[in-house]
Amino acid sequence: VQLQASGGGLVQAGGSLRLSCVASGSIYRISSMSWFRQAPGKQRELVAVITAGGSLNTAESVKGRFTISRLDAQNTVYLQMNSLKPEDTAVYYCNAVLQLRGGDPRWQNYWGQGTLVTVSS
């Protein structure tokens with residue numbers, strides 16, 4: 001299983017970016033999909049999570065500016081980021097909790113490789 005994140009880049013404060021993350025491989029089903037971020041010198045933090053049923057949880061620091069969504073038919077999760085601030089600068093990681101094909105009932109945690117978002121002031 002691989003999670004491939006894309007969409008990061010350099011943007012001015014107030015701008016927008018849309019991150020995408022595609023999960024591929026021997027996937028039976030996916031439970032939650034999430035975005036985390038890690039700024040230089042800081043711990044990785046949860047940005048937003050969306051469950052299989054569509055329930056959302058968004059960090060207070062990005063609420064009203066960032067929106068998480070998913071397209072189950074394509075095993076894809078998105079993060080629409082608007083009104084970006086310099087403090088949003090970080091490497092953004094996608095995460096999926098999923099079951100593999102083949103009958104293993106365990107829910108397993110997978111991470112993407114990260115995509116860098118840089119917001120200039």
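What you see is a predicted model; the values in this text were computed from it and never measured.
Looking at every heavy atom in both residues, I30 comes nearest to A23 through CD1-CB, 4.2 Å. The minimum heavy-atom distance linking S121 with P86 is given by the pair CB-CG, 3.8 Å. Shown here for T115 and G8, the closest heavy-atom pair between the two residues is OG1-N, 3.1 Å.
If you take CD1 on I50 and OG on S32, they are separated by 10.0 Å, rounding to the nearest 0.5 Å. To the nearest 0.5 Å, the span separating CD1 on I27 from CD on Q108 amounts to 11.0 Å. How far CD of Q99 is from CH2 of W107: 4.0 Å, rounded to the nearest 0.5 Å. Residue L84 holds its CG atom at 6.0 Å from OG of S16, rounded to the nearest 0.5 Å.
When each of T67, V49, I68 is tested with L56 by the rule side chain to side chain contact (heavy atoms under 4.5 Å, CB included), just one qualifies, namely I68. If you run side chain to side chain contact (heavy atoms under 4.5 Å, CB included) between F66 and each of L17, L19, N82, D88, only D88 comes through.
A heavy-atom distance below 4.5 Å is not found between the side chains of F36 and E45. Side-chain contact check for V77 versus L79: every heavy-atom pair is 4.5 Å or farther apart. Side-chain contact between Q113 and Q4 is present, with heavy atoms from C-beta onward closer than 4.5 Å. The side-chain heavy atoms of C21 and Y92, taken from C-beta on, include no pair separated by under 4.5 Å.
Side chain of Q38 to backbone of A90: no donor-acceptor contact under 3.5 angstrom is found. Side chain of Q80 to main chain of R18: no donor-acceptor pair is present (N/O by atom type, distance under 3.5 Å, no hydrogens or angles). Using a distance-only test at 3.5 Å, with no hydrogens or angles considered, no donor-acceptor pair links the side chain of N57 to the main chain of A48. Distance alone, capped at 3.5 Å, places no donor-acceptor pair between the R37 side chain and the T89 backbone. Looking only at distances, no side-chain donor or acceptor of T76 sits under 3.5 Å from a matching main-chain atom of V22.
When the side chains of ILVMFWY residues are joined at heavy-atom separations under 4.5 Å, either directly or via intervening members, V11 and V47 end up in a single hydrophobic cluster. In this structure, M81 is not a member of the same hydrophobic cluster as Y78, with clusters built from ILVMFWY side-chain heavy atoms closer than 4.5 Å.
The aromatic rings of W111 and Y93 sit perpendicular to each other, their planes meeting at more than 60°, with 30° as the lower class boundary.
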TODO: Could you please spell out the steps behind the side-chain contact (heavy atoms from CB on, under 4.5 Å) verdict for Y28 and D104?
DONE: CA-CA 10 Å; Y28 175 55; D104 186 343; over 6 Å; no
